Amino acid sequence: MSGLNPGDSFPADVTFSYIPWSEEKGEITSCGIPINYYASKEWADKKVILFALPGAFTPVCSARHVPEYVEKLPEIRAKGVDVVAVLAYNDAYVMSAWGKANQVTNDDILFLSDPEAKFSKSIGWADEEGRTGRYAIIIDHGKVTYAKREPAKNHLEFSSAEAVLKQL
């Protein structure tokens with residue numbers, strides 16, 4: 001498969017790994033317990049932005065990609081988006097710590113793990129090293145309304161919060 005396209009149904013049985021945010025585990029040094037996040041089921045009746053990137057704590061991802069979504073979250077919510085999720089191949093512990101490092105609380109943005117880039121590989125959007133590619137997908141009640149992959153690892157245009165906001 002080479003990506004998802006507007007009009008496609010979001011694939012069934014997509015499961016990510018995830019550590020829910022909690023007040024008592026709010027410090028970056030504390031670890032929660034990873035659970036399965038059944039994305040296909042959770043998102044079936046919601047409007048969702050899923051943006052993916054090559055890795056937590058990497059330069060473009062940390063300096064621009066995630067901070068822009070954090071900054072634009074009120075605008076995104078005003079457009080009726082129920083869930084904003086960031087996806088990378090890093091394990092759930094790293095993704096949880098990255099969320100805390102970005103001061104994201106209360107699951108305002110879900111920091112999801114795509115173990116072994118399984119989902120990204122299934123849609124043909126993993127990078128040449130087998131990591132999650134950089135892309136964004138808007139899902140509206142199970143249907144893909146926008147899906148774009150960046151042409152290069154450090155390219156940030158189609159999956160930026162600004163670009164995605166224009167598609168809502």
Side-chain angles (χ1 to χ4, degrees), residues 1-18 20 35-56 58 60-61 64-90 92 95 98-99 102 104 106-168:
M1 185 172 195
S2 83
L4 291 170
N5 296 295
D8 290 350
S9 292
F10 188 73
D13 301 321
V14 174
T15 304
F16 300 120
S17 182
Y18 161 71
I35 60 170
N36 284 334
Y37 184 87
Y38 301 101
S40 303
K41 196 173 113 199
E42 291 283 338
W43 298 343
D45 60 353
K46 294 183 171 98
K47 192 169 186 177
V48 179
I49 294 171
L50 174 64
F51 69 103
L53 36 84
T58 56
V60 172
C61 309
R64 291 183 48 218
H65 212 172
V66 168
E68 188 186 19
Y69 276 92
V70 171
E71 178 192 322
K72 302 220 176 268
L73 202 55
E75 288 174 66
I76 290 168
R77 294 279 187 228
K79 298 266 192 178
V81 173
D82 302 299
V83 177
V84 178
V86 58
L87 184 68
Y89 83 109
N90 302 94
M95 293 304 287
W98 199 34
N102 279 281
V104 174
N106 299 318
D107 289 340
D108 287 344
I109 297 176
L110 301 178
F111 282 74
L112 303 176
S113 169
D114 185 7
E116 295 162 17
K118 185 178 166 195
F119 170 72
S120 298
K121 287 175 183 171
S122 78
I123 62 169
W125 282 2
D127 70 16
E128 53 283 350
E129 284 104 36
R131 296 182 305 200
T132 315
R134 189 183 305 278
Y135 56 84
I137 303 169
I138 300 172
I139 306 139
D140 194 347
H141 294 76
K143 287 281 182 216
V144 173
T145 61
Y146 176 82
K148 286 264 195 213
R149 181 178 181 187
E150 300 291 357
K153 191 180 293 182
N154 291 322
H155 195 263
L156 180 57
E157 181 182 354
F158 309 117
S159 63
S160 72
E162 190 65 47
V164 170
L165 257 169
K166 290 176 183 164
Q167 302 299 319
L168 294 170

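None of these values were measured; they are calculated from a predicted model.
Looking at every heavy atom in both residues, Glu157 comes nearest to Glu150 through N-OE2, 2.8 Å. Nearest approach of Gln167 to Ile138, heavy atoms of both residues: CB-CD1, 3.7 Å. Closest heavy-atom contact between Phe158 and Pro151: CE1-CD, 3.9 Å. Taking all atoms of both residues into account, the shortest heavy-atom contact from Ala88 to Gly55 is CB-CA, 4.3 Å. When all heavy atoms of Ser17 and Ala92 are compared, the pair lying nearest together is OG-CB, 3.4 Å. Listed here is the closest heavy atom pair of Ala56 and Met95: CB-SD, 4.1 Å.
Residues Phe119 and Leu112 have side chains not in contact (no heavy-atom distance under 4.5 Å, counting atoms from C-beta outward). You'll find the side chain of Asn5 stays beyond 4.5 Å of the side chain of Val144, heavy atoms only. Here the side chains of Leu110 and Phe16 are not in contact, with every heavy-atom distance at 4.5 Å or above. Within the 4.5 Å cutoff, side-chain heavy atoms of Phe111 are placed close to those of Val104. With contacts defined as side-chain heavy-atom distances shorter than 4.5 Å, the pair Glu68/Glu162 qualifies.
The side-chain contact (heavy atoms from CB on, under 4.5 Å) test applied to His141 returns Asp45, not counting sequence neighbours. Checked against ring-ring contact (aromatic ring centres under 6.0 Å, His included), Phe51 has the following partners two or more places apart in sequence or in another chain: His65, Tyr69. Residues satisfying the side-chain contact (heavy atoms from CB on, under 4.5 Å) test with Pro74, not counting sequence neighbours, are none. Scored by the side-chain contact (heavy atoms from CB on, under 4.5 Å) test, Glu71 finds no partners at all (sequence neighbours excluded). Legend: residues meeting side chain to side chain donor-acceptor pair (under 3.5 Å) with Tyr37, ordered by chain and number and at least two apart, are Trp43. Under the rule for a side-chain contact (heavy atoms from CB on, under 4.5 Å), the partners of Asp127 that lie at least two apart in sequence or sit in another chain are Pro54, Glu129, Arg131, Arg149, Lys153. Contacts of Ser9 classified as side chain to side chain donor-acceptor pair (under 3.5 Å), with partners at least two apart in sequence or in another chain: Lys143. Every residue two or more places apart in sequence or in another chain that forms a side chain to side chain donor-acceptor pair (under 3.5 Å) with Asn36 is listed here: Tyr38. Applying the salt bridge (charged side-chain N to carboxylate O under 4.0 Å, His left out) rule to Glu75 yields the partners Lys72; only residues at least two apart in sequence or on another chain are considered.
Separating the OG1 atom in Thr145 from the CG atom in Asp140 is a distance of 6.0 Å, to the nearest 0.5 Å. Taking CG of Leu73 as the reference point, atom CD1 of Ile109 lies at 5.0 Å (rounded to 0.5 Å). Note: Leu4 CG to Trp125 CH2 = 6.0 Å, rounded to the nearest 0.5 Å.
Side-chain atoms of Asp82 come within 3.5 Å of backbone N or O of Lys47 as a donor-acceptor pair. The backbone N or O of Ala136 sits nowhere less than 3.5 Å from a side-chain atom of Ser159 that would complete a donor-acceptor pair.
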- Message: Ile76 vs Val164, test: side-chain contact (heavy atoms from CB on, under 4.5 Å). Steps then yes/no.
- Response: CA-CA 9 Å; Ile76 290 168; Val164 170; over 6 Å; no

- Item | Pair Lys46-Ile139, side-chain contact (heavy atoms from CB on, under 4.5 Å): steps then yes or no | CA-CA 8 Å; Lys46 294 183 171 98; Ile139 306 139; over 6 Å; no

- Item | Verdict with supporting geometry, Lys79 and Leu165, side-chain contact (heavy atoms from CB on, under 4.5 Å) | CA-CA 8 Å; Lys79 298 266 192 178; Leu165 257 169; 4.1 Å; yes

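Just one of Leu87, Leu156, Val66 meets the side-chain contact (heavy atoms from CB on, under 4.5 Å) condition when paired with Leu53; it is Val66.
Residue pairs meeting the side-chain hydrogen bond (donor to acceptor under 3.5 Å, both in side chains) criterion with at least one partner in residues 106-116, sequence neighbours excluded, are Tyr18-Asp107, Asp114-Ser120.
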